[in-house]
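Below is one structure, written out as structure tokens; the observations come after it.
As the structure is a computational prediction, the values presented were derived from the model and not from experiment. In what follows, every heavy atom counts, from backbone to side chain, and hydrogens, waters and symmetry copies are set aside. Chain letters run A, B, ... following the sequence lines, proteins first, then strands; residues in each count from 1.
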Protein chains: 2
Amino acid sequence: MEKQSVTIYTVAREARVSMATVSRVVNGNPNVKPETRQKVLDVIKQLNYRPNAVARGLASKKTTTVGVVIPDITDPYFAELALGIDDVASMYKYNIILTNSDSDDEKILKVVRNLLAKQVDGIIFMGHDVSDELKNELASTNTPVVVAGSVVNDDSLPSVRIDYQAAAKEATAFLLKRGAEQVAYITGPLQYSINSGDRLSGYKNALADGNKDFDDSLVIETDGSYQAGYAKAKEIIEKEIKAAYVTDDSLAAGLLNGLTDAGIKVPDDFELVSSNDTKYTKLVRPMITSITQPLYDIGAISMRLLTKLMDGDDSNDDEKNVILDHGFVERQSTRK
Amino acid sequence: MEKQSVTIYTVAREARVSMATVSRVVNGNPNVKPETRQKVLDVIKQLNYRPNAVARGLASKKTTTVGVVIPDITDPYFAELALGIDDVASMYKYNIILTNSDSDDEKILKVVRNLLAKQVDGIIFMGHDVSDELKNELASTNTPVVVAGSVVNDDSLPSVRIDYQAAAKEATAFLLKRGAEQVAYITGPLQYSINSGDRLSGYKNALADGNKDFDDSLVIETDGSYQAGYAKAKEIIEKEIKAAYVTDDSLAAGLLNGLTDAGIKVPDDFELVSSNDTKYTKLVRPMITSITQPLYDIGAISMRLLTKLMDGDDSNDDEKNVILDHGFVERQSTRK
DNA sequence: GTGAAAGCGCTAACAT
DNA sequence: ATGTTAGCGCTTTCAC
């Protein structure tokens, strides 16, 4: 049984050099004579030495670990962002501490505190808004934070995302353009500023451009889940709504299936446009027409931005809000 | 700006006690006079002291962090396991370092080494098999490992899962029982022992019980992805196959959609049973008849088991392979 | 009930 | 190019 006790000191002793030299070769410091380096390398291999990242973290004050807070890992939207985050993180030799937040402010605060206690070098925040307490928490530290795939009610945080307002406007306008008398706005919690602000504004703008009055009863709020969407089918049918812009794919998929199962033909009897272009939009039948977002890239670029911030690159403060291009893809949930 | 420099020493000085005492109150050690405790607590609050988990980890040799290796975070099967893992981990005050492995042996080895360097207290392994090198790596350490949601070609590792062989047999038998002349076995990589071993055996057993000859040409291997399933529809149609047991939900969903898009009616012209009961089976139409697994629980119990192993509870060595009950749910991809 | 002091394994000046 | 020596912030005997 291999004892866990081979440290930098052991290696130094065996190789007849100092700990500093071992440290140098381990860290790729060029100031080591090739022969010495080789000798140390040999001993390292022979002893199967593995540097202790915790000790290193304590001494260097860098853990090469970043915290990622995610509302729900099983949500395809966040999972695809997370994939991009993880890939870039591993590219830059960072590890990810991933924690589910359940979109619960209490829990978010708890996990962020915990992340900070673990001395993460940075944090990627996926979620909808930040509470005042969290804002304070974040302000009291100089750990960089990047918001990925959302806008948050605190413009002080760097973020990577698309222009949700413009996208929502286009989606709504698309529906209007093909003759919809009225277009509903079916949304996740309006408590989130992305839903009550950006997207709703875009929706209203499109209405205005199309000379339609905004009708409050057409704003249908849910918790944003598949189940909620499925359940809302009934209300949609009763209200005789014929078209809707939906703020989330899970929600849209649920609504679509609910409608279909209730005998409504999409897109003939009902037209639907969703927001995120996750796998769900292509999994269901009919496939859902949607705003497209470079999900993986949003995650990847968030992480890339975070690495810069962690390196103390505070240049171009204006570039801290990265707005990526979005698109739109016509599929089967809208008429030709 | 809050300086990052309030340490246990600062608190000790302010509270006029020793570092040891501060450590005691922080760690809930009862050997502290209530008044002293209160005084320390006050100072902690006042100074907004936060213990440094890295230093703690170095001193105590426990990081309260576990590594989780996952093939693909966007796969609903693994994502649901991960949710269970994360919930229980946070329940036991552990954090999760999550790393995508892409099911690539090289990368798996790399991430496991990294996890070990970070001194994780344990590892949850999701994946299909372990390479010899990984096996050695794991053997050279005493960090406990639990395999979640799979069987692995190394029985020495504790695991939490269902009886894949029995489940596959039931699924195949179900298809046979309703008159299928032949049932195909559509699978992810046969390189994985779960596919070439457990499930295939179950499939063959069902065939034998139904007095059907095993036909090699009915074993259709893919990479297990949605895309692969979608693409295989053509072959299924050409071979005039009428029923299949599929080893993975993404694969099954792809196949189903491919078939449907090609004009094949499921279940009238083709019957399909899948294996994992993830969200995908309920998202598509027709919904997919499937073996059911307590996905969340598998993750949760894996993590629970790991906590026991990390606590050095090596009792009942026989209980280290936890086999959970599975079920079966008839949905719309099979005839009534 | 409380304190003193020795590490934990490494990095980072600073010397040489 | 290499070695010496302080720490990093905490836990943990061991005394008292």
Problem set entry | Option among T65(A), T99(A), N114(A) that satisfies the side chain to side chain donor-acceptor pair (under 3.5 Å) test with N95(B) | N114(A)

For this session: Could you grab the distance from atom CD1 of I8(B) to atom OH of Y49(B), nearest 0.5 Å is fine?
Result: 4.5 Å

Problem set entry | Inter- and intrachain pairs under salt bridge (Lys or Arg N to Asp or Glu O under 4.0 Å), touching residues 37-59 of chain A, at least two apart | R50(A)-E137(B)

For this session: Return the orientation label for the H128(A) and F78(A) ring planes: parallel under 30°, perpendicular over 60°, tilted otherwise.
Result: perpendicular

For this session: Would you mind telling me which residue lines up with the more 5' stretch of DNA chain C, K61(B) or S18(B), judged by nearest nucleotide?
Result: S18(B)

Please check this pair: side chain of [X] against backbone of [Y], looking for a donor-acceptor N/O pair closer than 3.5 Å.
X	Y	answer
D72(A)	T74(A)	yes
N52(A)	K118(B)	no
S159(A)	A148(A)	no

Measure from [atom1] on [X] to [atom2] on [N] and round the result to the nearest Å.
X	N	atom1	atom2	value
R16(A)	dG3(D)	CZ	C1'	16 Å
Q119(B)	dG9(C)	CD	P	9 Å
N31(B)	dA15(D)	CG	P	18 Å
L58(B)	dG7(D)	CG	P	17 Å

Exercise. Which letters describe nucleotides 10-16 of chain C, given B = protein heavy atom under 4.0 Å from base, S = only from sugar-phosphate, - = neither?
Worked result: BBB----

Seminar exercise, completed: One would report the end-axis bend of the helix from dG1(C)-dC16(D) to dT16(C)-dA1(D), five pairs per end and rounded to 10 degrees, as 30°

Seminar exercise, completed: Closest heavy-atom pair, T143(A) versus V120(A), reported as atoms and distance to 0.1 Å, is CG2-O, 3.7 Å

Exercise. Taking OP1 and OP2 of dG3(D), is either one under 4.0 Å from a side-chain nitrogen or oxygen of T21(A)?
Worked result: yes

